[in-house]
Amino acid sequence: MEKSNRAKRWSLSDMTALVTGGTKGIGHAIVEELAELGAVVHTCSRNEAELNKCLQKWADMDLLVTGSVCDVSSRAERERLMERVRSIFHGKLTILINNAGTSIAKPTLDCTAEDYTYLMSTNLESSFHLSQMAHPLLKASGRGSIVFISSITGVMAFKNFSIYSATKGALNQLTKNLACEWANDSIRTNCIAPGPIATSLLKSLFNDEELVAKLVSRIPLGRMGEPEEVASLTAFLCMPVASYINGQIICVDGGRVVYDS
Ligand code: NDP
């Protein structure tokens with residue numbers, strides 16, 4: 001293989017991407033990773049001031065990133081977001097990263113109907129519907145790639161996370177279905193299941209030092225992950241070098257799910 005051809009296979013140049021929830025944590029790292037590797041990126045979040053601050057930072061870094069205010073739990077707002085994406089990328093999207101998500105830590109018997117609807121609409125329904133709407137754009141690119149950000153809670157049972165785990169387990173299964181259903185449309189679908197990653201979401205759920213120490217004691221690498229360690233795999237899965245990887249759920253967790261502790 002010629003050297004220049006190899007460089008192209010390990011790059012995201014000429015690609016367009018939508019990353020949901022790009023102002024903080026894992027999504028923020030993914031936006032930067034994709035844009036630095038050559039993609040033109042659109043992102044969204046609910047907080048306009050934070051979004052504008054991030055967009056300014058990325059412009060200062062010469063990264064090609066645009067953004068919309070969007071609450072992905074709202075069907076109407078998702079439709080507006082996809083219309084914007086269709087318009088700025090002229091009907092062709094190469095990469096969809098379904099990252100935006102949230103959690104509530106509660107024993108199952110304390111969960112309310114509102115908790116259930118909030119987590120299902122934010123984590124699962126949004127990813128399903130955005131994938132549906134992105135399908136024609138991804139197909140039109142001729143080399144589409146969807147990455148869901150699920151969680152190791154989708155494959156293991158953690159105390160107080162029953163609704164969250166159900167949303168993430170469903171994303172794992174959705175990955176397999178879309179990987180089979182849309183492969184003929186040149187769309188690959190994969191999923192990343194992170195373990196504990198140091199973000200504001202994790203801090204809000206594990207604000208007690210003892211709980212964090214317990215969490216870390218069960219990770220063979222002996223530490224939490226960083227958002228960049230999820231972003232690097234996300235970028236890899238979207239590159240031409242990953243062209244035969246489809247329908248996979250890959251844990252980025254320091255070895256947590258294989259540790260019998
Ligand atoms: P953060 O809370 O740090 O960041 C979440 C991002 O998503 C923010 O930009 C937030 O902006 C945005 N967001 C949240 N809700 C919505 C919404 N309804 N509509 C649009 N944007 C939204 O979370 P993480 O980076 O930790 O998590 C990212 C993903 O990774 C989630 O799906 C999470 O479940 C998953 N994950 C995280 C793990 C961890 O340990 N951190 C482990 C496993 C999975 P704003 O609030 O302004 O809308």
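Along the sequence shown, residues are numbered consecutively beginning with 1. All ligand and atom numbering here is 1-based and tracks the order in the structure.
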(request) Could you label the plane-to-plane angle of the H28 and W58 rings as parallel, tilted or perpendicular, counting under 30° as parallel and over 60° as perpendicular? (result) tilted
(request) State, with a plain yes or no, whether a side-chain heavy atom of S145 is found less than 4.5 Å away from one of T94. (result) no
(message) Any heavy-atom pair between the side chains of T122 and T167 that's under 4.5 Å?
(response) no
(message) When you compare the side chain of T20 with that of S126, does any pair of heavy atoms fall below 4.5 Å?
(response) no
Would you mind writing out a table of all protein N or O atoms found under 3.5 Å from any N or O atom of ligand 1, naming both atoms and giving the distance to 0.1 Å?
unit_1: ligand 1; atom_1: 3 (O); unit_2: S200; atom_2: OG; d: 3.0
unit_1: ligand 1; atom_1: 9 (O); unit_2: G21; atom_2: O; d: 3.4
unit_1: ligand 1; atom_1: 9 (O); unit_2: T23; atom_2: N; d: 3.2
unit_1: ligand 1; atom_1: 9 (O); unit_2: T23; atom_2: OG1; d: 2.7
unit_1: ligand 1; atom_1: 9 (O); unit_2: K24; atom_2: N; d: 3.2
unit_1: ligand 1; atom_1: 11 (O); unit_2: T23; atom_2: OG1; d: 3.4
unit_1: ligand 1; atom_1: 15 (N); unit_2: R46; atom_2: NH2; d: 3.2
unit_1: ligand 1; atom_1: 18 (N); unit_2: D71; atom_2: OD1; d: 2.9
unit_1: ligand 1; atom_1: 19 (N); unit_2: C70; atom_2: O; d: 3.4
unit_1: ligand 1; atom_1: 19 (N); unit_2: V72; atom_2: N; d: 2.9
unit_1: ligand 1; atom_1: 25 (O); unit_2: I26; atom_2: N; d: 2.8
unit_1: ligand 1; atom_1: 26 (O); unit_2: T199; atom_2: OG1; d: 2.5
unit_1: ligand 1; atom_1: 32 (O); unit_2: N99; atom_2: O; d: 2.7
unit_1: ligand 1; atom_1: 32 (O); unit_2: K168; atom_2: NZ; d: 2.9
unit_1: ligand 1; atom_1: 34 (O); unit_2: Y164; atom_2: OH; d: 2.6
unit_1: ligand 1; atom_1: 34 (O); unit_2: K168; atom_2: NZ; d: 3.0
unit_1: ligand 1; atom_1: 40 (O); unit_2: I197; atom_2: N; d: 2.8
unit_1: ligand 1; atom_1: 40 (O); unit_2: I197; atom_2: O; d: 3.3
unit_1: ligand 1; atom_1: 41 (N); unit_2: I197; atom_2: O; d: 3.2
unit_1: ligand 1; atom_1: 41 (N); unit_2: T199; atom_2: OG1; d: 3.0
unit_1: ligand 1; atom_1: 46 (O); unit_2: R46; atom_2: NH2; d: 2.9
unit_1: ligand 1; atom_1: 47 (O); unit_2: N47; atom_2: N; d: 3.2
unit_1: ligand 1; atom_1: 48 (O); unit_2: R46; atom_2: N; d: 2.8
unit_1: ligand 1; atom_1: 48 (O); unit_2: R46; atom_2: NE; d: 2.8

(message) Among residues at least two apart in sequence or on other chains, which ones pass ring-ring contact (aromatic ring centres under 6.0 Å, His included) with H135?
(response) W182
(message) Within the 4.5 Å heavy-atom criterion, are K53 and Q56 side-chain neighbours or not?
(response) no
